[in-house]
> 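Starting off with a structure, shown below.
Numbers restart at 1 for each chain; the letters A, B, ... are given by sequence-line order, proteins then strands.
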Protein chains: 2
Amino acid sequence: MSTRARRASVVDVAKLAGVAVGTVSNVLNRPEVVAPATREKVMAAIEELHFVRNGRARELRAGRISTVGAILLDIRNPFFTDVARGAEDRLAQDDYTLMLASSDDDPAREQKYLRLFEEHGVHGMLVVPTGPDLGPLLAMQDRGVRMVVLDAPSSLPELCSVAVDDEAGGALAAGHLLSQGHERLVFLNGPHTIRQCAGRRAGVDRAVREAGLDPEQVVVEVLLSSLDAAGGDEAMQRILDDTGVPSAVFCVNDLVAVGVQRCLRRVGGAELLTRVAVVGYDDIDIASELAVPLTSVRQPTHEMGSAAADLLVRADLTVEHVVFQPELVVRASSVAHRGGLA
Amino acid sequence: MSTRARRASVVDVAKLAGVAVGTVSNVLNRPEVVAPATREKVMAAIEELHFVRNGRARELRAGRISTVGAILLDIRNPFFTDVARGAEDRLAQDDYTLMLASSDDDPAREQKYLRLFEEHGVHGMLVVPTGPDLGPLLAMQDRGVRMVVLDAPSSLPELCSVAVDDEAGGALAAGHLLSQGHERLVFLNGPHTIRQCAGRRAGVDRAVREAGLDPEQVVVEVLLSSLDAAGGDEAMQRILDDTGVPSAVFCVNDLVAVGVQRCLRRVGGAELLTRVAVVGYDDIDIASELAVPLTSVRQPTHEMGSAAADLLVRADLTVEHVVFQPELVVRASSVAHRGGLA
DNA sequence: CGCGCGGTCCGAATCGTTTCATTCGGATCG
DNA sequence: CGATCCGAATGAAACGATTCGGACCGCGCG
């Protein structure tokens, strides 16, 4: 029908309703100050013209901006989308909207989106940086865009940040295994250049020391290059071949743990699988759906997003560094002699 | 430092560079028409003031809009984010950006975001509708916003759509199982009110007939209410109790298949697990990481998103309905006597 | 010498909304 | 009855960029 008819504007509405543009604006934004009769007329005109106000003009004039941007490392990673979801929920309370983009760990893409969002005039940004160089973020903050760095490899004191206490996570897992009576534990970790990995290792050591033991005697750390199921499977196989069956294995993430379980079953069937205690990290959705439900360290993704969003919309501009505590979710994989599965 | 300094505008830049605002705009948009010397001056001023142009004002005046919105059912579902990713990649080619939002299957949220995006003046929308009522979408399209309906339960001829041929998917799975020599198959499906479920059932029947058999004799359809692992596990248990061990099971999605596998192993160990052929749907990431890697029907998510984005940005406005063909990914779960797992 | 012309640059008009100082009509009050 | 006051409506200014008709300049050509 309407091939390319210009969208109706407040002027059109005003004309049709027989009032001034200011009045239209008022019924839109402060309905209480306009008399019911005129309000009705205006509403009717809006209805008739299918008027939808132009957000760009609105924000241009009003200066207000009601969207915040987020740049994640990978939009397909559940960890990040869960965080985004938490942020979105919090933002919705204040009528903000969230625009998502993923950098794919590519600094160029990160830059591009950063600029795009800034041009768009977002209120603030929520970013998981691709690299250690936070300069551009700081510059943008100086230009008036609120910033929160998420889960960052290293963070500047001038930038708000939200992260998880990896050391506590490592300690939680190791402490749990020690309390189950295990006297040695294998830690399948990633390279220490990744801050998270180093932190978790430190936590493991701390827990061991707190149990009155010597980390050097208790912990066998194996560094993986690929942190997925294949990597876990392979590493576990090597351990079985070289040093025999371990009593307990702590994995840097759940996928690695899945690989470990797969290897154990292949080699020794259900019997071996239930004999070795396994703990993962991240508590991904399927952790509870595995043949042997996996004990895992859960990061409070939703709360992280929520907290980050909170920093973005709150009135004061104080810089704050929020650190969340992870939580241990105990399932069958780390509990000895689980009846139903023997 | 700069507590709340107003962002620099073209006027500021022009003043500093000693040129007119129009010239600044020209170096920004058509650098070739401005003399190198002045161009340099302007660029220097831009640099010095950290000028970032105001996208809202730009788009207000220029009328151009370079973002498209997407409303997904659930931002945490990999199927949707994969589709979004495909769209994003395609859009990037034309310098469009994608704004994501999730409706959570809540029509009210869908409405809210629809309006928000329209106010924002998006070029087009990509939406997975929450319900069968596509009226609001059509209205929005009439108001000049390009629309593509994704994976819709029922679609109007006036709206572009991108979907997957569910009948073909069902036929693919059933055909595969029949060709493996199975003479009866259990189909764990969802309610036929969901178009996808009904379509897949039709496909199963077609494949059976094409094999010269009678669907009524061959197919045992079991309708689940919850389409997840728990639902699959429970249904499988009931089948084992009531009618014994089936030869082949086709599941409406991978999570259901995971539940089926879990049940089989619990009841009859690895032996039973490898004796029953299982086929899933969606080919989720972990399908290949399971104890017995799962055969599954893969939907071309990335291509779907890409195609949808293409409809959004292409020059002509012809309505088009794109239907993709799914693909079967064969793994151990549906192949008899897999050596390594016995 | 006058004219036309291409290459540059200028700056007012414009987009659609909100804001806000102002106007207007009527009611209240001394 | 005139002075005040108040709620309601008005309409021009402003937001910051793009656009575009026009001015200006130097130069080649008739």
> Whole angstroms only, please: what is the CD-C1' distance between B/Glu119 and C/dT18?
14 Å
> Expressed as a whole number of angstroms, how long is the span from B/Arg56:CZ to C/dT18:P?
14 Å
> Report the nucleotide, chosen from D/dT10, C/dG16, D/dT19, that has the shortest atom-to-atom distance to any side-chain atom of B/Ser25.
D/dT19
> State the CE-OG1 distance between B/Met43 and B/Thr38, to the nearest 0.5 angstrom.
11.0 Å
> Angle, rounded to 10°, between the helical axes spanning five pairs at each terminus of the helix from C/dC1-D/dG30 to C/dG30-D/dC1?
60°
> With a 4.0 Å cut-off on heavy atoms, is A/Asn29 in touch with a base, just the backbone sugar-phosphate, or nothing at all?
sugar-phosphate
> For A/Val164, which of A/Glu303, A/Gln325, A/Gln299 qualifies under side chain to side chain contact (heavy atoms under 4.5 Å, CB included)?
A/Gln299
> Which of the following nucleotides, C/dT17, D/dG16, D/dT18, is nearest to the side chain of B/Ala57?
D/dG16
> Rounded to whole Å, how long is the line connecting atom CZ of A/Arg58 with atom P of D/dA14?
21 Å
> What distance separates B/Thr130 OG1 from B/Asp106 CG, expressed to the nearest 0.5 Å?
7.5 Å
> Check every strand shown and say whether A/Val34 touches a base, only sugar-phosphate, or nothing at a heavy-atom separation below 4.0 Å.
sugar-phosphate
> Atom NE2 of B/His120 to atom P of C/dG16: distance rounded to whole Å?
17 Å
> Please name all residues satisfying side-chain hydrogen bond (donor to acceptor under 3.5 Å, both in side chains) with A/Arg90, sequence neighbours left out, ordered by chain then number.
A/Asp94, A/Asp310
> Phosphate oxygens OP1/OP2 of D/dA9: is one of them under 4.0 Å from a side-chain N or O of A/Thr38?
yes
> When we call it a touch if two heavy atoms are under 4.0 Å apart, what does B/Arg39 touch: a base, just sugar-phosphate, or nothing?
nothing
> With the side chain of B/Val10 defined as its heavy atoms from C-beta on, choose the nearest nucleotide among D/dA17, C/dC9, C/dT17.
D/dA17
> Using atom CZ of A/Arg30 as one end and atom P of D/dG7 as the other, report the distance to the nearest whole Å.
15 Å
> Considering only side-chain heavy atoms of A/Ser9, which listed nucleotide, D/dT10, C/dG16, C/dT18, is closest?
C/dG16
> Under 4.0 Å between a Lys/Arg side-chain N and an Asp/Glu carboxylate O for B/Glu320 and B/Arg314?
yes
> Report the residue (A/Glu32 or A/Val21) whose heavy-atom-nearest nucleotide on DNA chain D is the more 5′ of the two.
A/Glu32
> Tell me which nucleotide among D/dT18, C/dC15, C/dC10 gets nearest to the side chain of B/Ala20.
C/dC10
> Classify B/Val24 by what it touches in the nucleic acid, base, sugar-phosphate, or nothing, heavy-atom distance under 4.0 Å.
nothing
> Establish, with yes or no, whether the OP1 or OP2 oxygen of C/dC15 is under 4.0 angstrom from a side-chain nitrogen or oxygen of A/Arg61.
no
> Is there a donor-acceptor contact under 3.5 Å linking the side chains of B/Glu119 and A/Asn54?
no
> Measure from CZ on B/Arg53 to P on C/dC15 and round the result to the nearest Å.
21 Å
> In whole angstroms, how far is the C1' atom of D/dA17 from the CD1 atom of B/Ile46?
13 Å
> Say you draw a straight line from CZ of A/Phe324 to CG of A/Asp166; how long is it, rounded to the nearest 0.5 Å?
14.0 Å
> May I ask you to say whether B/Glu118 pairs ionically with A/Arg53, meaning some side-chain N is under 4.0 Å from a carboxylate O?
no
> Would you kindly give the CG-to-P distance between B/Asn26 and D/dA17, to the nearest whole Å?
14 Å
> Looking at D/dA8, D/dT18, D/dG16, which one has an atom nearest to any side-chain atom of B/Leu60?
D/dG16
